[in-house]
Amino acid sequence: MPNAQLQPVLDRIDADFDDSLERLFALLRIKSISADPAFAKDCKAAADHLAREIASLGFTTEVRATAGHPAIVARSNEKGNGHGTARPRVLFYGHYDVQPVDPLDLWHRPPFEPVVTAHADGRKIIVARGAEDDKGQLMTFVEACRAWKKVTGSLPLEITILIEGEEEVGSKNFVPFLEANKDELKADYALVCDTGMWDPDTPAITTSLRGLVYDEVKIKAASRDLHSGVFGGGAQNPIRVLTRILGGLFDDNGHITIPGFYDGVKDLPPDILAQRKKLNLTPEMFLKPIGLSIPAGEKDRLLIEQVSSRPTCDVNGIVGGYIGEGSKTVIPAEASAKISFRLVEGQDPAKIRKAFLPIAGSNSATTPLRPRLRSPGT
């Protein structure tokens with residue numbers, strides 16, 4: 001696009017910044033937590049809110065029902081502005097749902113009351129649930145469309161906006177929605193906004209995303225909780241079984257021990273690895289701000305490989321026995337853990353699950369999520 005056309009649009013974005021920020025804040029105030037059914041009305045409210053914003057830009061916009069939270073489909077049609085039909089169409093994807101906010105006592109302020117905070121290094125940051133995943137990126141695109149139309153009167157190409165409400169819970173209802181509407185959603189290019197910059201001064205083009213398989217393992221033993229003074233030593237403790245399973249998933253070098261887990265995993269091409277090394281991602285830079293110092297992944301891999309191009313396994317939550325204040329000498333009847341695998345190109349999600357289940361035992365319940373592959377490009 002000619003710089004002469006782009007610069008006035010950028011100037012308009014700067015001039016309208018305060019209004020754009022308030023529109024973002026209005027979206028951030030909506031408690032669109034997709035994982036909790038108690039917030040289903042809030043998710044619908046977020047979808048309706050976004051649909052109104054996008055419709056105000058001249059898009060034909062609909063809030064579409066799915067088997068879960070609704071999706072938004074909006075299409076531009078610039079034929080009335082003198083444009084022909086030969087222009088390419090871009091599909092823009094984002095999501096309006098957010099992660100749960102627990103535990104609330106770790107927040108310095110209410111998570112759905114957005115605020116701009118100033119840091120010692122001069123940066124200003126918006127603090128609120130969803131500000132960077134994914135409402136901030138989503139509204140950046142919407143505001144770019146708004147500024148472009150204000151300055152030029154029309155968009156530079158045909159655009160389809162597709163926004164879902166279940167990304168944070170695996171998009172299980174979104175895949176059937178895509179299948180049912182694939183002809184309508186056809187496009188020449190696709191842009192996913194659920195990514196970020198490398199740092200404030202280094203932009204990044206994310207060319208792929210790591211995938212996700214999610215399992216919940218439940219170990220059941222006795223028919224009820226038991227007193228350890230009576231049954232201790234004789235009754236099986238499901239927490240003991242569970243922790244043995246979880247501890248065996250890794251060796252001392254950080255490798256994942258599931259049979260065949262690394263089948264199909266390729267090393268980065270030398271030129272891409274050289275680019276990654278130039279980014280100089282150090283433990284001090286990446287881990288120190290969160291109170292850590294030593295990378296926990298495969299010891300024979302660079303830190304940047306561990307967090308971008310290598311597959312992982314993580315225990316996301318574990319529950320069992322008495323966890324209240326004080327003590328209760330109980331042998332629990334059940335213990336469970338939530339486990340996720342981030343997968344890379346070449347791995348088969350179904351094969352990974354199949355190999356994991358014999359390790360976990362027959363009492364595992366699974367919520368598989370859609371494959372996504374991540375490998376940030378620069």
Side-chain angles (χ1 to χ4, degrees), residues 35 166 168-176 208-226 228 231-267 295-301 305-323 330-375:
E166 295 187 323
E168 299 292 3
V169 290
S171 301
K172 65 179 181 180
N173 296 306
F174 192 55
V175 174
S208 58
L209 299 169
R210 285 192 294 190
L212 183 62
V213 167
Y214 197 96
D215 270 293
E216 181 175 4
V217 180
K218 294 182 179 179
I219 306 298
K220 296 183 179 181
S223 60
R224 61 186 184 276
D225 288 354
L226 306 173
S228 65
F231 291 95
Q236 183 60 271
N237 190 319
I239 296 178
R240 176 180 168 187
V241 177
L242 181 61
T243 54
R244 185 172 68 245
I245 292 171
L246 300 180
L249 291 174
F250 309 89
D251 65 17
D252 291 339
N253 292 314
H255 296 106
I256 296 161
T257 60
I258 295 173
F261 185 80
Y262 295 98
D263 289 353
V265 178
K266 302 178 181 67
D267 287 333
E298 300 166 273
K299 292 183 179 180
D300 56 348
R301 297 288 174 171
E305 291 181 276
Q306 294 177 16
V307 300
S308 65
S309 62
R310 298 296 295 175
T312 68
C313 171
D314 284 292
V315 180
N316 307 120
I318 183 168
V319 177
Y322 180 70
I323 57 174
V330 64
I331 299 175
E334 181 177 310
S336 65
K338 296 179 184 291
I339 301 169
S340 64
F341 301 93
R342 295 284 177 173
L343 307 183
V344 300
E345 183 181 6
Q347 290 181 293
D348 183 339
K351 183 178 178 181
I352 298 298
R353 273 202 72 228
K354 187 176 181 180
F356 171 64
L357 290 180
I359 298 173
S362 60
N363 293 316
S364 62
T366 305
T367 307
L369 303 187
R370 74 185 189 280
R372 297 189 303 174
L373 300 178
R374 181 187 184 102
S375 180

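Basis for what follows: all heavy atoms, side chains included, without hydrogens, waters or symmetry-related copies.
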Undergrad: Apply salt bridge (Lys or Arg N to Asp or Glu O under 4.0 Å) to Lys354 and list each qualifying residue two or more places apart in sequence or on a separate chain.
TA: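 Residues passing salt bridge (Lys or Arg N to Asp or Glu O under 4.0 Å) with Lys354: none at all.
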Undergrad: Excluding sequence neighbours, so at least two apart, what forms salt bridge (Lys or Arg N to Asp or Glu O under 4.0 Å) with Arg310?
TA: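 With neighbours one apart ignored, the set is Glu298.
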Undergrad: Provide the closest heavy-atom pair for Pro295 versus Gln306 in the form atom of the first, atom of the second, distance.
TA: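 Pro295 and Gln306 have their closest heavy atoms at CB-OE1, 3.5 Å.
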Undergrad: For Ser228, check side-chain contact (heavy atoms from CB on, under 4.5 Å) against everything at least two apart and list the hits.
TA: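 Once residues adjacent in sequence are excluded, the partners of Ser228 under the side-chain contact (heavy atoms from CB on, under 4.5 Å) criterion are Thr329, Ile331.
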Undergrad: When rounded to the nearest 0.5 angstrom, what distance separates CG in Leu242 from CD in Glu334?
TA: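 So the CG of Leu242 and the CD of Glu334 are separated by 10.5 Å.
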Undergrad: Nearest 0.5 Å, what's the CG-CZ distance between Asn237 and Phe231?
TA: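 Here the interatomic distance stands at 13.5 Å.
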Undergrad: Run the side-chain contact (heavy atoms from CB on, under 4.5 Å) check on Leu246 and Val217 step by step: do they pass?
TA: CA-CA 10 Å; Leu246 300 180; Val217 180; 5.9 Å; no
Undergrad: Could you list the residues that satisfy side-chain contact (heavy atoms from CB on, under 4.5 Å) with Ala333, not counting sequence neighbours?
TA: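 Ala333 satisfies side-chain contact (heavy atoms from CB on, under 4.5 Å) with Asp225 only.
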Undergrad: Evaluate the criterion side-chain contact (heavy atoms from CB on, under 4.5 Å) for residue pair Leu212 and Arg342; output intermediate values, then yes/no.
TA: CA-CA 5 Å; Leu212 183 62; Arg342 295 284 177 173; 3.8 Å; yes
Undergrad: What pairs meet the salt bridge (charged side-chain N to carboxylate O under 4.0 Å, His left out) rule with one or both residues in residues 238-263, with sequence neighbours excluded?
TA: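 Salt bridge (charged side-chain N to carboxylate O under 4.0 Å, His left out) check on residues 238-263 returns Asp263-Lys351.
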Undergrad: Mind checking what makes salt bridge (Lys or Arg N to Asp or Glu O under 4.0 Å) contact with Lys299, not counting sequence neighbours?
TA: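 Listed in chain order: nothing, the list is empty.
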Undergrad: Can you measure from CD1 (Ile318) to NZ (Lys338) and round to the nearest 0.5 angstrom?
TA: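 Spacing of CD1 (Ile318) from NZ (Lys338) equals 12.0 Å.
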Undergrad: Would you check if Ile359 and Ile258 make a side-chain contact, meaning some heavy-atom pair closer than 4.5 Å?
TA: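 The answer is yes; the side chains approach within 4.5 Å.
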Undergrad: Show the nearest heavy-atom pair for residues Phe250 and Cys313, with the distance to one decimal.
TA: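 Here Phe250 and Cys313 meet closest at CZ-O, 3.3 Å.
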Undergrad: Could you tell me which residues satisfy side-chain hydrogen bond (donor to acceptor under 3.5 Å, both in side chains) with Asn316, sequence neighbours excluded, listed by chain and number?
TA: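 Asn316 satisfies side-chain hydrogen bond (donor to acceptor under 3.5 Å, both in side chains) with Ser340 only.
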Undergrad: Who pairs with Asp348 by side-chain hydrogen bond (donor to acceptor under 3.5 Å, both in side chains), at least two apart in sequence or on another chain?
TA: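 In terms of side-chain hydrogen bond (donor to acceptor under 3.5 Å, both in side chains), with neighbours along the sequence ignored, Asp348 is linked to no residue.
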Undergrad: Please enumerate all residues that pass salt bridge (Lys or Arg N to Asp or Glu O under 4.0 Å) together with Asp267, with sequence neighbours excluded.
TA: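 Per chain and number, Asp267 pairs via salt bridge (Lys or Arg N to Asp or Glu O under 4.0 Å) with Arg301.
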Undergrad: Can you tell me how far the CD1 atom of Ile245 sits from the CD1 atom of Ile219, to the nearest 0.5 Å?
TA: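 Answer for the CD1-CD1 pair, Ile245 versus Ile219, is 4.0 Å.
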Undergrad: Which residues pass the side-chain contact (heavy atoms from CB on, under 4.5 Å) test with Ala35, sequence neighbours left out?
TA: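 Once residues adjacent in sequence are excluded, the partners of Ala35 under the side-chain contact (heavy atoms from CB on, under 4.5 Å) criterion are Pro100, Val169.
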Undergrad: Ignoring hydrogens and angles, tell me if any N or O in the side chain of Thr312 forms a donor-acceptor pair with the backbone of Phe341 under 3.5 Å.
TA: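 Such a contact is absent between Thr312 side chain and Phe341 backbone.
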Undergrad: Tell me the closest heavy-atom pair linking Ile239 and Gly321, and the distance in Å.
TA: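 Scanning both residues, the minimum pair turns out to be CD1-N, 4.1 Å.
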Undergrad: Listed by chain and number, what are the side-chain hydrogen bond (donor to acceptor under 3.5 Å, both in side chains) partners of Ser336, not counting sequence neighbours?
TA: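 Checked Ser336 against side-chain hydrogen bond (donor to acceptor under 3.5 Å, both in side chains); zero matches.
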Undergrad: Who are the side-chain contact (heavy atoms from CB on, under 4.5 Å) partners of Gln347, not counting sequence neighbours?
TA: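 Partners of Gln347 under the side-chain contact (heavy atoms from CB on, under 4.5 Å) test: Phe261, Val265, Pro311, Leu343, Val344, Ile352.
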Undergrad: Would you please test Phe356 and Val213 for side-chain contact (heavy atoms from CB on, under 4.5 Å) and show each step?
TA: CA-CA 11 Å; Phe356 171 64; Val213 167; over 6 Å; no
